Amino acid sequence: MSTRKMITIVTLIAAIALASMASAQTTLWDQATGYESWSQGFFNNIAGGPPMGSTMYTVNDIVVPAGGWTIATVRVYYDGFDASWAGGVTSAVLYIEPKVGPNPTGDPSTGTTVTASAVTLGNGFLEISASTLGVALAEGEYWIGLTPYAPNANNIHVSVPAIGADSPTYDAFGFPMPMWMAWSPGLDGAMLIEGDNGAVAVDAASWGNLKAIYR
């Protein structure tokens, strides 16, 4: 083998290795461990409205450390009672709001619609995920939720012990008016966030400028 060919091969191997390193994702927030033993759960789906459907949004509170995050993937976990979700979910609403009080204050239907998928896991549960998000968040506390457009409301977003505040849920058809309420004390929805530590420099987060970041 000639020296030139050897250099070319080594260069290609190095380039592939660097590309793999660049695509690797770090677990930024892990609230998925132990979800298989869930007790109470949450409605978290966009599937029409009463009397035949239900649209509810559930979020978790997270803490982004100094340096910020660039979120690539958000995963949420459901029971697998209705297998039609696997292959039937193709999009979801990603909702992010700075945490400034005990509950969110915004309307989650104004979140960003992103490509998503649902797969049945080997343990009988469902994973809903949205990837290649590229969401940059500065240091601070946020509410974040991923709510799938689903064929029906038959599956439940399963629970894990709460970190920080309990997961609140927003019923889009709530009476007398929609509002955020924590219906499962001491519990959060099972969620895993992946990406990179360190984010594109952004100003101190506010509800107005945050929407400009992730839209």
Side-chain angles (χ1 to χ4, degrees), residues 24-44 56-78 92-112 114 116 127-148 157-170 179-215:
Q25 296 181 17
T26 299
T27 297
L28 301 174
W29 190 263
D30 187 352
Q31 280 191 272
T33 302
Y35 71 83
E36 300 91 341
S37 59
W38 68 289
S39 52
Q40 295 173 279
F42 303 88
F43 290 107
N44 186 27
M56 297 190 185
Y57 301 80
T58 293
V59 297
N60 288 38
D61 61 328
I62 61 171
V63 179
V64 178
W69 286 348
T70 300
I71 296 174
T73 302
V74 177
R75 307 179 191 274
V76 287
Y77 296 88
Y78 289 72
V93 169
L94 176 67
Y95 182 72
I96 305 175
E97 175 186 331
K99 183 182 177 184
V100 295
N103 281 311
T105 59
D107 180 349
S109 68
T110 63
T112 301
V114 296
E127 180 188 82
I128 311 291
S129 62
S131 301
T132 64
L133 296 174
V135 176
L137 291 181
E139 176 182 2
E141 297 185 49
Y142 299 87
W143 299 104
I144 180 169
L146 184 70
T147 303
H157 186 176
V158 298
S159 61
V160 291
I163 297 176
D166 307 335
S167 277
T169 300
Y170 181 96
M179 65 180 64
W180 290 96
M181 294 183 63
W183 292 344
S184 297
L187 297 174
D188 277 337
M191 174 182 285
L192 187 69
I193 301 174
E194 298 167 326
D196 295 308
N197 287 297
V200 176
V202 293
D203 295 330
S206 69
W207 180 225
N209 65 28
L210 181 62
K211 288 191 288 185
I213 294 170
Y214 77 89
R215 282 189 181 276

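As the structure is a prediction and not an experimental result, all values here were calculated from the model.
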Beyond-backbone contact of [X] with [Y], side-chain heavy atoms, under 4.5 angstrom:
| X | Y | value |
| --- | --- | --- |
| S109 | Y95 | no |
| K99 | W143 | yes |
| I62 | I193 | yes |
| V59 | P168 | yes |
| W69 | N197 | yes |
| Y78 | P148 | yes |

Over all heavy atoms of both residues, which pair between [X] and [Y] is shortest? Give the atoms and the distance, please.
| X | Y | answer |
| --- | --- | --- |
| Y57 | W180 | O-CZ3, 3.5 Å |
| A138 | Y142 | O-OH, 2.8 Å |
| Q31 | P161 | NE2-O, 3.7 Å |
| A182 | D166 | CB-CB, 4.1 Å |
| S184 | Q40 | OG-CB, 4.0 Å |
| E139 | A66 | OE1-CA, 3.5 Å |

Donor-acceptor side-chain pairing of [X] and [Y] below 3.5 angstrom:
| X | Y | result |
| --- | --- | --- |
| E36 | W38 | no |
| D196 | Q25 | no |
| T26 | E194 | no |
| T58 | N44 | no |

Report the C-alpha separation of T27 and L192 in whole Å, then their side-chain angles, then the decisive distance to 0.1 Å, and conclude whether the side chain to side chain contact (heavy atoms under 4.5 Å, CB included) test is met.
CA-CA 7 Å; T27 297; L192 187 69; 3.6 Å; yes
[atom1]-[atom2] distance between [X] and [Y], expressed to the nearest 0.5 angstrom:
| X | Y | atom1 | atom2 | result |
| --- | --- | --- | --- | --- |
| T147 | F43 | OG1 | CZ | 13.5 Å |
| L146 | T112 | CG | OG1 | 11.0 Å |
| L187 | S39 | CG | OG | 4.5 Å |
| I71 | S131 | CD1 | OG | 12.0 Å |
| I128 | H157 | CD1 | NE2 | 9.5 Å |
| M181 | T169 | CE | OG1 | 9.5 Å |

Before giving the answer on side chain to side chain contact (heavy atoms under 4.5 Å, CB included), spell out for V64 and E141 the whole-Å C-alpha distance, their side-chain angles and the decisive distance to 0.1 Å.
CA-CA 6 Å; V64 178; E141 297 185 49; over 6 Å; no
Out of V135, L94, V74, which one pairs with V114 under the side-chain contact (heavy atoms from CB on, under 4.5 Å) rule?
L94
Under the 3.5 angstrom rule, does the side chain of [X] hit a backbone N or O of [Y] as a donor-acceptor pair?
| X | Y | answer |
| --- | --- | --- |
| S159 | G189 | no |
| D188 | I163 | yes |
| N60 | I144 | no |

Ring geometry between Y35 and Y77 (parallel below 30°, tilted from 30 to 60°, perpendicular above 60°):
parallel
